[in-house]
> 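Sharing a structure below in structure tokens format, with a few things to ask.
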There are 2 protein chains.
Amino acid sequence: MKILIVDDEYDILEFLSYNLKKEGYEVFTAQNGIDGLKQAKKIIPDLIILDVMMPEMDGMQLCEQIKSTAKLENAFIIFLTARSEEYSELAGFSSGADDYVTKPISPKLLISRIKAILKRGNGFKDDDVISIEKLLIDKQKHIVKYDDQDIVLARKEFKLLYCLMTMPGKVFTREELITKVWNDAYVGDRTIDVHIRKIREKIGVNYIKTVKGIGYKFNL
Amino acid sequence: MKILIVDDEYDILEFLSYNLKKEGYEVFTAQNGIDGLKQAKKIIPDLIILDVMMPEMDGMQLCEQIKSTAKLENAFIIFLTARSEEYSELAGFSSGADDYVTKPISPKLLISRIKAILKRGNGFKDDDVISIEKLLIDKQKHIVKYDDQDIVLARKEFKLLYCLMTMPGKVFTREELITKVWNDAYVGDRTIDVHIRKIREKIGVNYIKTVKGIGYKFNL
DNA sequence: CAAAAGGTTAACAATTTGTTAACATTAGAA
DNA sequence: TTCTAATGTTAACAAATTGTTAACCTTTTG
């Protein structure tokens, strides 16, 4: 579940980021509205936490921008306000916010609000699960199934398959795979081939195509 | 309802004590962390109000001590901070606080926060009971049953199992478990394994699957 | 306060995973 | 078709991860 926090105060970004990450959310941050909007468009967060008061583009404006962006119109929004008195100011706007939390922020309160909001919404989007044809891969559960049959892959094999399945059809060069799966470790090309072979063997069906001279790709 | 206030400033103790007693709470006070912890263990308060800045043992440290004391781990905690800028200092700690209140303290605000917290605590039993297959875990009653047979788990074992059962199937890395079960304490990986082993031993059925290279997950 | 229970760690064993070299095979250009 | 570079396969070995035990320290409880 992806959360974007936009606040000009670095301390608050740090504070919230820490507490939300601990809860298992993917947290992204921005220190101003411009950057916030840019990031939001890229990340497509499920929830956006906005400071009302910010230089350049305040929370209100940003909220309107967000709500008028097709990809983001379903994102949930929580406003942070300095004091509860500012409710009155907020009231006048049909800003499209889903909740308000006043500073100073209690992380437990915020988290319970977030959970409430995400539960409320149809927020069931397991973006960690990729399912293509009879093959399913679930990153969170670390499970691979072919035709509902469990397939046990080792760590590297799993990462490799997941990588290929994130962009079906795209050819990954060995260099790319070493970057994405091996974190640029110094491994030989044959190592990759061996892992590919093991995956093919375990799945039984050849979903991974060799593109001679280039690399590998996931394809039916 | 018992409340313990720990603050080195006598005036604040007096002030809060007076206001809270007026609301009908049983109020206890301590002027430093050492004494605060000692009293807490004796009194077992429902709520503890801690000053972040104190000589000898500050609020953070005291909070950690409290949270790692079995009898006190369910106590609610409110921090008093001098200014909201101190977020940054709070950020680095997994404090386990339920709320923050900044000085100067408005007794009205504080009391409303206290009521909110205590209400939250009594009223809602989120999903404190999780039942999967023949295994049942009840957080409130601190009970585990397998096939209607009582299983006695130690505190850490319980917390660990509960954590895993909140998201069946999800693989928890050891890092995640240290955050959620140990509150980021410095414990070795083998410690987790030992606890896992004990749980498996006590339940008798292997509900906890090892995902090599990643961590553990609850699964049938 | 002492006994019992719980928590942590180190050391080592057992197991799984990752890598490589060597060789076999294959695709595709010439 | 033939040749060659690229890929596939295998097995051996190295490295990493987890399981287990026992000892030791801490906390809780009677």
Side-chain angles (χ1 to χ4, degrees), chain A residues 142 144 151-164 171-175 177-178 180-204 206-217, chain B residues 37-38 40-44 64-75 142 144 150-164 171-178 180-203 206-217:
Chain A
H142 204 272
V144 177
I151 292 169
V152 181
L153 295 189
R155 194 159 40 121
K156 283 283 194 300
E157 291 161 19
F158 188 92
K159 235 179 149 178
L160 187 49
L161 178 61
Y162 187 81
C163 177
L164 293 171
V171 183
F172 289 82
T173 64
R174 288 190 177 70
E175 205 182 349
L177 293 173
I178 288 172
K180 300 205 172 188
V181 179
W182 274 265
N183 285 123
D184 287 316
Y186 294 100
V187 292
D189 282 359
R190 221 79 2 256
T191 300
I192 297 172
D193 303 356
V194 171
H195 284 285
I196 293 283
R197 179 191 153 267
K198 285 180 181 168
I199 296 170
R200 284 170 171 161
E201 187 177 69
K202 287 182 180 178
I203 297 179
N206 192 6
Y207 277 114
I208 300 176
K209 295 288 188 294
T210 306
V211 181
K212 215 174 154 129
I214 318 272
Y216 296 96
K217 67 176 173 182
Chain B
L37 186 60
K38 203 186 297 173
K41 283 180 178 171
K42 200 166 59 191
I43 303 160
I44 318 291
E64 274 165 34
Q65 295 276 325
I66 288 166
K67 285 293 175 188
S68 64
T69 302
K71 291 183 293 189
L72 297 173
E73 68 177 351
N74 292 317
H142 205 274
V144 177
D150 276 304
I151 291 170
V152 181
L153 294 189
R155 197 154 51 102
K156 283 283 194 299
E157 291 161 18
F158 187 91
K159 239 180 145 175
L160 187 49
L161 178 61
Y162 185 82
C163 177
L164 293 171
V171 183
F172 289 83
T173 64
R174 289 192 175 69
E175 205 182 349
E176 280 181 282
L177 294 173
I178 287 173
K180 301 210 169 183
V181 178
W182 274 265
N183 285 125
D184 286 316
Y186 294 100
V187 291
D189 283 358
R190 226 70 12 252
T191 300
I192 297 172
D193 303 357
V194 172
H195 285 285
I196 292 282
R197 179 186 154 271
K198 286 179 180 167
I199 296 170
R200 284 171 172 159
E201 191 176 64
K202 285 183 180 179
I203 297 180
N206 192 5
Y207 278 115
I208 300 175
K209 296 284 189 296
T210 305
V211 181
K212 219 166 165 160
I214 317 273
Y216 296 97
K217 66 178 171 181

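Every heavy atom of this structure was used, including side-chain atoms; hydrogens, water molecules and symmetry mates were not. Chain naming here is simple, since letters A, B, ... match the order of the sequence lines and numbering starts at 1 in each.
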> How many whole angstroms separate atom NZ of B/Lys67 from atom C1' of D/dT27?
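That distance rounds to 18 Å.
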> Give the B/S/- string for nucleotides 4-17 of chain C, one per nucleotide from 5' to 3', where a protein heavy atom under 4.0 Å of the base yields B, of only the sugar-phosphate yields S, and otherwise -.
--SBBB-B---BSS
> Hey, does B/Trp182 have a side-chain heavy atom less than 4.5 Å from the side chain of B/Leu160?
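With C-beta onward as the side chain, the pair touches.
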> May I ask you to test the B/Leu72-B/Lys41 pair for a side-chain heavy-atom distance under 4.5 Å?
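Contact flag for B/Leu72/B/Lys41 side chains = yes.
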> Between B/Ile208 (CD1) and D/dG19 (P), how many Å, whole number?
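Computing the B/Ile208:CD1 to D/dG19:P distance gives 10 Å.
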> What is the nucleic acid contact for A/Phe158, judged by heavy atoms within less than 4.0 Å: base, sugar-phosphate only, or nothing?
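The answer is nothing, as A/Phe158 stays clear of every strand by at least 4.0 Å.
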> Reading DNA chain D from 5' onward, which residue's closest nucleotide shows up sooner: A/Gly215 or B/Gly215?
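Upstream on the strand: A/Gly215.
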> Answer yes or no: does a side-chain N or O of A/Arg200 lie under 4.0 Å from OP1 or OP2 of D/dG8?
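Result: yes.
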> I need the CD-P distance between B/Glu201 and D/dT20, as an integer number of Å.
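Whole-Å distance recorded here is 9 Å.
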> So, OP1 or OP2 of D/dT10: does either fall under 4.0 Å of a side-chain N or O from A/Arg197?
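Indeed, a polar side-chain atom of A/Arg197 lies that close.
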> Taking the side chain as every heavy atom from C-beta outward, state whether B/Val187 and B/His195 have any pair of such atoms under 4.5 Å apart.
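When only atoms from C-beta onward are counted, B/His195 and B/Val187 do not touch, as no gap falls below 4.5 Å.
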> Is a donor on one side and an acceptor on the other found under 3.5 Å between the side chain of B/Lys156 and the backbone of B/Leu153?
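Absent.
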> Give A/Val181 one of three labels, base, sugar-phosphate or nothing, depending on what nucleic acid heavy atoms sit under 4.0 Å from its own.
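Since no nucleic acid heavy atom lies under 4.0 Å of A/Val181, the category is nothing.
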> Can you check the B/Arg174 CZ to D/dA16 P distance for me, whole Å?
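From B/Arg174 CZ to D/dA16 P: 15 Å.
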> Rounded off to whole Å, could you give me the CG-to-P distance for the A/Asp189 and D/dT9 pair?
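Whole-Å distance recorded here is 16 Å.
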> Output yes when at least one side-chain N/O atom of A/Thr210 is less than 4.0 Å from OP1 or OP2 of C/dA27, else no.
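Looking at the OP1 and OP2 atoms of C/dA27, neither is under 4.0 Å from any side-chain N or O of A/Thr210.
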> Rounded to the Å, how far apart are A/Ile214 CD1 and D/dT7 P?
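In whole Å, D/dT7 P lies 9 Å from A/Ile214 CD1.
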> Without decimals, in angstroms, what is the distance between B/Lys71 NZ and D/dT29 P?
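Atom-to-atom, B/Lys71 to D/dT29, this comes out as 7 Å.
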> Mind checking side-chain contact (heavy atoms from CB on, under 4.5 Å) for B/Lys71 and listing every partner two or more places apart, or none if nothing turns up?
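With neighbours one apart ignored, the set is B/Ile44.
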> Taking only residues two or more places apart in sequence or in another chain, which ones pass ring-ring contact (aromatic ring centres under 6.0 Å, His included) with B/Phe172?
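None.
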> Contact between B/Leu164 and B/Tyr207 at the side-chain level, heavy atoms closer than 4.5 Å - yes or no?
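Of all side-chain heavy-atom pairs linking B/Tyr207 with B/Leu164, none is under 4.5 Å.
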> Atom CG of A/Asn183 and atom P of C/dG18: how far apart are they, to the nearest Å?
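Spelled out: CG on A/Asn183 to P on C/dG18 is 13 Å.
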> Using a cut-off of strictly less than 4.0 Å, decide whether A/Tyr216 has a side-chain nitrogen or oxygen near OP1 or OP2 of D/dA6.
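Indeed not, no polar side-chain atom of A/Tyr216 lies that close.
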